[in-house]
Number of protein chains: 2
Amino acid sequence: MTPAPKEPQKTRELILSTALLLFAERGYFATSVQDIRRSADISIGSIYHHFDSKNAIARALYDDLLSRMTTVTQDAADMHTATKEKCRSIITALFAFSESDPLTMHFVLHARHREFLPEAMPICSTRPFELMREVIIAGIASGEVRQLDPIVASAVLFGGAVRLMHLALDGVLPRPIATYLEEIVETGWRAIAA
Amino acid sequence: MTPAPKEPQKTRELILSTALLLFAERGYFATSVQDIRRSADISIGSIYHHFDSKNAIARALYDDLLSRMTTVTQDAADMHTATKEKCRSIITALFAFSESDPLTMHFVLHARHREFLPEAMPICSTRPFELMREVIIAGIASGEVRQLDPIVASAVLFGGAVRLMHLALDGVLPRPIATYLEEIVETGWRAIAA
DNA sequence: GTCTATAATTTGATAGAC
DNA sequence: GTCTATCAAATTATAGAC
């Protein structure tokens, strides 16, 4: 049978979504290009037509997810003026993200990006995590947050939330992560509130 | 020149320490048995004499580090009776561990063990992390800790500390991790104290 | 733009001498 | 217990027809 020519953009998307699924499930190194080919039901040639290498697929995924996470975090912070509300909003957005797109969040939180993208910064030095620290620093400046090392304050408040997301993605949370939202925000905030 | 026969235990240790170094540096999949051979300056045959497979090396490392972390955590908790002191003691021990043996801690915190040890539990379900939750649960029962979901309380207190260890291992902490000890314990405790 | 076929390497692992 | 030599399979990537 003749191969049905598909729209080019669709194939590219298919490769990316298939790769994300497999990378999240087994990790980058345990996923071969053959695995992607098989799962997506396309040919090796097609994959290499759209991407230079397996690494380029991971890079495209990484760039995309980082820009999406940055947008989500930035928008969440911009929705409010009070520091506590900014923090709640960010955590809400992250929890929502991790429920609506668990594969992407899994790839963000669990993948050792530097193992296959050597020039990638540690995830905690990327823009979304910087934004969280900036919110805390502004909160300290305005007197809403205690005089703490911003690194410590971030670690407790957002680190606690991130930890919950890890647990959720590992499948060891008894309830949906959204149900922990209020408690984690209130508990974390109590730690750092002025 | 004739190969100098070494004590068997020494070779085994050498293989393990070399593998730990490489696994921590590049990850399990990015490290080949050839890499281990080259780094340890021994032969392939010697490696396969001591271990059945590359996987068996990782398993041995994993079992060892888990039992050491369990001992450290258990001992730290047993040194005190008050919940806050137990928590401080555990975090102190973990920080010390991560400074005295950063490679092992890196392997614990960063490695995606389930990628290469399919039957391994998520790291947060292992004994050391269970112990931390048990301390919190006992603290709630005794009235030292507020009536919180123990998962949330653990995430904020110990998750904050674990987050700092991640930052330290990623090399983005400006000061030695030990200098953050007091602040992270006091801040985390404030979140969950009754 | 998609395909099949295959090249070039590298991988984990084994055999057998010493 | 350590070594060298080697295997079979899998890997990433390319070539070239359609």
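Throughout, a chain's letter reflects where its sequence line sits, starting with A, and its residues are numbered from 1. When reading the values below, keep in mind they use all heavy atoms of this one structure, side chains included, and skip hydrogens, waters and symmetry mates.
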query = Separation of B/Lys10 atom NZ from D/dT2 atom P, in whole Å?
reply = 13 Å

inquiry  = Can you tell me which nucleotide in C/dT14, D/dT2, C/dA5 comes closest to the side chain of B/Ile44?
reply    = C/dT14

ask   = Looking only at side chains, do B/Glu144 and B/Ser142 share a donor and an acceptor under 3.5 Å apart?
value = yes

ask   = Taking it one step at a time, do A/Arg88 and A/Glu85 satisfy salt bridge (charged side-chain N to carboxylate O under 4.0 Å, His left out)?
value = CA-CA 5 Å; A/Arg88 182 201 306 280; A/Glu85 295 316 308; 3.3 Å; yes

request  = Take atom CD1 of A/Ile15 and atom C1' of C/dT2, then tell me their distance rounded to the nearest Å.
outcome  = 11 Å

key: Residues from residues 28-39 of chain A lying under 4.0 Å of DNA chain D - heavy atoms   = A/Thr31, A/Ser32, A/Val33

key: Contact under 4.0 Å: A/His50 side-chain N or O vs C/dT2 OP1/OP2   = yes

ask   = Hey, does the side chain of B/Tyr48 come within less than 4.0 Å of C/dT14's phosphate (OP1/OP2), counting only N and O?
value = no

key: Ring centers of A/His106, A/Phe23 separated by less than 6.0 Å   = no

remark   = Here the distance between atom P of D/dT2 and atom CZ of B/Arg12, to the nearest Å, is 12 Å

With B/Ser53 via side chain to side chain contact (heavy atoms under 4.5 Å, CB included) - residues at least two apart = B/Asn55, B/Ala56

task = Go through residues 52-60 of chain B and report each residue with a non-hydrogen atom lying under 4.0 Å from DNA chain D, sorted by number.
result = none

note = Atom CG of A/Asp41 and atom C1' of C/dT2 are separated, to the nearest Å, by 13 Å

ask   = Between B/Ala40 and B/Leu14, what is the shortest heavy-atom contact and its length?
value = O-CD2, 3.6 Å

inquiry  = Taking side chain to side chain contact (heavy atoms under 4.5 Å, CB included) as the definition, give me every residue that meets it alongside B/His166, ordered by chain and number, with sequence neighbours left out.
reply    = B/Leu109, B/His110, B/Val162

Listed once per pair and sorted, the salt bridge (Lys or Arg N to Asp or Glu O under 4.0 Å) pairs that draw on residues 21-33 of chain B, sequence neighbours left out = B/Arg26-B/Asp35

request  = Calculate the interatomic distance between A/Leu14 atom CG and C/dC3 atom C1'; express it in whole Å.
outcome  = 15 Å

message = In this structure, how many angstroms lie between the P atom of D/dT2 and the CD1 atom of B/Ile42, rounded?
response = 8 Å

query = According to the salt bridge (Lys or Arg N to Asp or Glu O under 4.0 Å) rule, which pairs have a member within residues 113-126 of chain A, sequence neighbours left out?
reply = A/Arg59-A/Glu119

ask   = Can you check whether B/Thr11 has a side-chain N or O nearer than 4.0 Å to OP1 or OP2 of D/dG1?
value = no

task = List the atom of A/Leu167, the atom of B/Ile151, and the distance in Å for their closest heavy-atom pair.
result = CD1-CG2, 3.9 Å

